[in-house]
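Heads up: numbering here begins at 1 and tracks the sequence.
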Amino acid sequence: MSDNVVHLHKDNLAPEPVNVTTLTVVPEPAPARPVPLWVRSGRAIRTAVTHETTKTTARAVARHTLYVAGGARIAAKRTWDGRTASRYERMFRAAEAAGNHEMATEWEERGQHFREARHRRRMDLLHSPVDAAKGVAVSAGMGVGSLVALGVVMAIATKDVTQVVTPLMATIEFINLLITIVQVVWGPALAIGPFLALLALWGVGRHQQAAPAWALPANVRSGEGEPITPSIVVKALRDLGVPALRNAIKDMGDAGASMLGPIRIAGCGVEVDVTLPSGVSTIEVQNRRRKLAENLTRHEHEVFITIPQAARTVRLWVADSGALDEPIGPSPLVTDETMTADYAKGRAPWGEDLRGDAAALSLFQRHLLITGLSNQGKTAALRALALWLALDRSVQFLMGDLKGAGDWRMFDGVATTLIEGPTDDHVIQVTEMVEGAVDEMNRRLQAPPGTQFPALIVIVDEAQVAFMCPAKDEDKRPYGGAKANSRYFMAVRKIHNQGRAVNVLMWQGTQDPTNENLPKLVREGAHTRASLALGTEQQARMALGDKAVDGGAAPNLLRPGLDKGTVVVASDGIAIPAGQASITVRTHYIDTDEATVIADRAKALRDGVTTLTVIERGEERDPLADIAAVLGDKPRLKTQDVLKRLAALNEDAYGAWTFLDLKRVLEDAGAEPYKSDGRMVVAAERVARALANRETDGSASADG
């Protein structure tokens, strides 16, 4: 039992305890030991020293003290520049380092003129004391004579001879008064003068922020939103880590700003052209975009580097801090319910460029490709263009949405065909839709010259699904892929090759471009190429081409998720600043509800469009059997005659056939055409043998 527990019994004489009650006695805490005075004093001193108010006060004292020192340094430098030829020397070295020899010669001549003028002034100082003494003597004599003459005139006028000396005495009394005033003021002026001089130096230092960064106020130290000035740009370039650039700027001295063109306000930022010194290439600056942005107290996405036409020049566009994170206004398609479109002469209001100016895109006879990572706004950007063009009632649409999430459903009643879904069957239907557009293109191409055709826009969103589709048709031709027998690939290529001439245009949207899901020939067939955020520079080159990327286009530097809807565009259909190969556009976002309202306006302009959601397949044909039929009893026929007979047999199936189509079917069957007397012919015996072999193979397969 614990020593702190005591048992009490009702009867102490009882041998056994009855109704025992247990009490716990809590020991009293030991009295606190007093803290020594020196410990308490040390804690108080440490608290006072580390307190934020103390730190702020110390920084303020150091800052204003250093303002005086910095102001004295700046004033001394200005005085030295004014009294010596150092300014001309710096400008001469800057022009020489920049390779501008004409300007260097001009500054050298200016420096020589300054030295000659300074020499003349110094030589004049040797004779100035004697000349000054002579001048004082002559002036004094003339002054006294004038005063006496004035006194004589006054004496004659007043007939008082004492007036002769009155002007002279008045002058003496005035001089005496001035001496008295100087004696009174001189003492206080000597006492106050140093303080006024210090105040002037402090003002110069404060204006130039001539103090270490740690002593400046927090809002100045952070540099957030710091305006872009020539000195800031030069320092940012100097600290970029390019030795040749750093050494050239060092040789230029403070005149490094001679590299810079005018700093112009450009939308929500500023723009400046930088002419690099000899030995520094533009790619060295482009490859250090992040470091340059940080040197300019900006984030990487707030600085864009492009290459203008001038040699050895980079164009910097620097956004106001945080400006690019603010959304742009709504689309004119949403705010202006009376807006209509003109396919041939109009431009689609797509968004704003980095300057804040409206960015409008011409869609006339231009194939289009837009790509980017998933969930970056690709469909919305592509759909916004289609919504504007739908307001031109003459434009026809064929649409395939291989995502099938309903992003294009509002075009039901606007588009002639709308296929929605991600499966292989949907890819087959979209492929047949595009092949139907090829047939329409061929019909238009064979129309009489001068025939005018309305625009037919073939849109396939998530086109990578079609290129990656593994399905094959009954002739073993794949729907996907990028080979010569790929049905979707070849249909797109045919439209790219000849569709523009008859207003049959191909628009595609695709994710994460690679050679597998976006073949090179398809990429290069688009007149307008746009890209949202991408992962790598290699993907950027696939999306926009080498020329645009080499010229500064960098969709791979856009921030996924944060720069949604921002596209880098390479096209002659949009106004691009001279010397640049691309432009960055922040597109207007039109949500599904707003898109539905705009689509309803487009429907109201039309006479009612029945939208097909499934491709209707015609009568199934057996090309090899039809070839055997048109050969008849002829042992062989020229390929041109076979094509004519096939077209006569079924215009829908064979009207658009070419020699390559005929050759493909025959080669697949093992009855390839051959030359006879210099002409390509088809042999009936080979076709009959191929049909027999096919039937035998089919029977064997069935028996097996």
Q: For V438 and I495, run side chain to side chain contact (heavy atoms under 4.5 Å, CB included): C-alpha distance rounded to whole Å, both residues' side-chain angles, the deciding distance at 0.1 Å, then the answer.
A: CA-CA 6 Å; V438 173; I495 294 177; 3.8 Å; yes
Q | Side-chain donor or acceptor of W350 paired with backbone N/O of A384 under 3.5 Å | A | no
Q. What heavy-atom pair brings A602 and A390 nearest, and what distance separates the two atoms?
A. CB-O, 3.5 Å
Q | Reported OG1-to-CG distance for the pair T510 and L369, which is rounded to 0.5 angstrom | A | 7.5 Å
**Q.** Side-chain (R347) to main-chain (G573) donor-acceptor, under 3.5 angstrom
**A.** yes
Q | Distance (rounded to the nearest 0.5 Å) between L534 CG and N556 CG | A | 7.0 Å
Q) Taking R238 for the side chain and R246 for the main chain, is one N or O donor matched with an acceptor at less than 3.5 Å? A) no
(Q) Tell me if a side-chain donor or acceptor on Q376 pairs with a main-chain N or O of G561 at a distance below 3.5 Å. (A) yes
**Q.** Step-by-step side-chain hydrogen bond (donor to acceptor under 3.5 Å, both in side chains) determination, D425 to T423
**A.** CA-CA 5 Å; D425 186 60; T423 67; 5.2 Å; no
Q) Hey, are N517 and T514 close enough side-chain-wise for a donor-acceptor pair under 3.5 Å? A) yes
Q) Looking at CD1 of I583 and CZ of F304, how far apart are the two atoms once the value is rounded to the nearest 0.5 Å? A) 11.0 Å
**Q.** Smallest separation among heavy atoms of A548 and A581, with atom names
**A.** CA-CB, 3.8 Å
Q | Y488 six-ring face occupied by R493 cation (under 6.0 Å, within 45°) | A | no
Q: May I ask you to test the L398-I457 pair for a side-chain heavy-atom distance under 4.5 Å?
A: no
Q: Please name the pair of heavy atoms, one in M399 and one in A386, separated by the smallest distance, quoted to 0.1 Å.
A: CE-CB, 4.5 Å
Q) Of all heavy-atom pairs between V274 and L260, which one has the smallest distance, and what is that distance? A) CG2-CD2, 3.6 Å
Q | Heavy-atom side-chain contact between T611 and F397 under 4.5 Å | A | no
(Q) Applying salt bridge (charged side-chain N to carboxylate O under 4.0 Å, His left out) to K603 and D600, what does each step give before you reach the verdict? (A) CA-CA 5 Å; K603 295 174 188 176; D600 290 341; 3.7 Å; yes
Q | Stepwise side chain to side chain contact (heavy atoms under 4.5 Å, CB included) check, L389 with Y343 | A | CA-CA 7 Å; L389 198 55; Y343 161 72; 3.9 Å; yes
Q. Step by step, would you call R409 with E420 a salt bridge (charged side-chain N to carboxylate O under 4.0 Å, His left out)?
A. CA-CA 8 Å; R409 197 159 297 160; E420 296 180 284; 3.5 Å; yes
**Q.** Test: E352 and R586 ion pair at under 4.0 Å
**A.** no
Q | Between CZ on residue R477 and CE on residue M490, distance to nearest 0.5 Å | A | 8.0 Å
Q: Determine whether the side chains of E462 and Q464 contain a donor N or O and an acceptor N or O closer than 3.5 Å.
A: yes
Q | Pair I232-L296, side chain to side chain contact (heavy atoms under 4.5 Å, CB included): steps then yes or no | A | CA-CA 7 Å; I232 289 176; L296 293 169; 3.9 Å; yes
Q.
Can you tell me which residue among D461, T379, V430, I459 is in a side chain to side chain contact (heavy atoms under 4.5 Å, CB included) with D401?
A. D461
Q) Do the side chains of L245 and E284 get nearer than 4.5 Å, heavy atoms only? A) no
Q. T313 and I307: side chain to side chain contact (heavy atoms under 4.5 Å, CB included), yes or no, with the steps?
A. CA-CA 7 Å; T313 302; I307 309 299; over 6 Å; no
Q: Measure the spacing between CG of D336 and OG1 of T338 and express it to the nearest 0.5 Å.
A: 3.5 Å
Q) Heavy atoms, side chains only, cut-off 4.5 Å: are W408 and R383 in contact? A) yes
Q: Using only heavy-atom distances, determine whether the side chains of S394 and D392 contain a donor-acceptor pair under 3.5 Å.
A: yes
Q: With salt bridge (charged side-chain N to carboxylate O under 4.0 Å, His left out) as the test, would you mind laying out the steps for D550 and R541 before giving the verdict?
A: CA-CA 9 Å; D550 291 338; R541 292 184 181 276; 3.0 Å; yes
Q) CD/Q365 to NE2/H367 distance, rounded to the nearest 0.5 angstrom? A) 9.0 Å
Q.
Can you confirm whether L333 sits close enough to I590 that some side-chain heavy atom of one is under 4.5 Å from a side-chain heavy atom of the other?
A. yes
Q.
Does R290 have more than 12 heavy atoms from other residues, nucleotides or ligands lying within 6.0 Å of its CZ?
A. no
(Q) Does this structure show an ion pair linking E435 with R487, if we count only N-O contacts that are shorter than 4.0 Å? (A) yes
Q) Do you know the tightest heavy-atom contact between V280 and R312? A) O-CG, 3.9 Å
Q.
I'd like to know whether CG of L521 has more than 12 heavy-atom contacts from other residues, nucleotides or ligands below 6.0 angstrom.
A. yes
Q | Non-hydrogen side-chain atoms of V318 and E302 separated by less than 4.5 Å | A | no
Q: Measure the shortest side-chain to side-chain distance between V242 and R288 over non-hydrogen atoms and say whether it is less than 4.5 angstrom.
A: yes
Q: Could you tell me whether the side chain of M433 reaches within less than 4.5 Å of the side chain of V458, counting heavy atoms only?
A: yes
Q: Mind running salt bridge (charged side-chain N to carboxylate O under 4.0 Å, His left out) on D407 and K403 for me, showing each step along the way?
A: CA-CA 8 Å; D407 292 332; K403 183 192 299 180; 3.3 Å; yes
**Q.** Minimum-distance pair of heavy atoms, taken over all atoms of Q539 and P513
**A.** CG-O, 3.7 Å
Q) Are the side chain of D563 and the backbone of R559 linked by a donor-acceptor contact shorter than 3.5 Å? A) yes
Q. Is there a donor in the side chain of N515 and an acceptor in the side chain of R523, or the other way round, less than 3.5 Å apart?
A. yes
Q) Is there a donor-acceptor pair under 3.5 Å between the side chain of S486 and the backbone N or O of G480? A) yes
Q: Only counting residues at least two apart or in another chain, list the ones meeting side chain to side chain contact (heavy atoms under 4.5 Å, CB included) with P330.
A: T335
Q) Would a distance-only check, ignoring hydrogens and angles, find a side-chain to backbone donor-acceptor pair under 3.5 Å from R500 to Q498? A) no
Q. Among side-chain atoms of Y479 and D424, is any donor-acceptor pair under 3.5 angstrom?
A. no
Q. Is a side-chain donor or acceptor of R298 paired with a backbone partner of V303 at a separation under 3.5 angstrom?
A. no
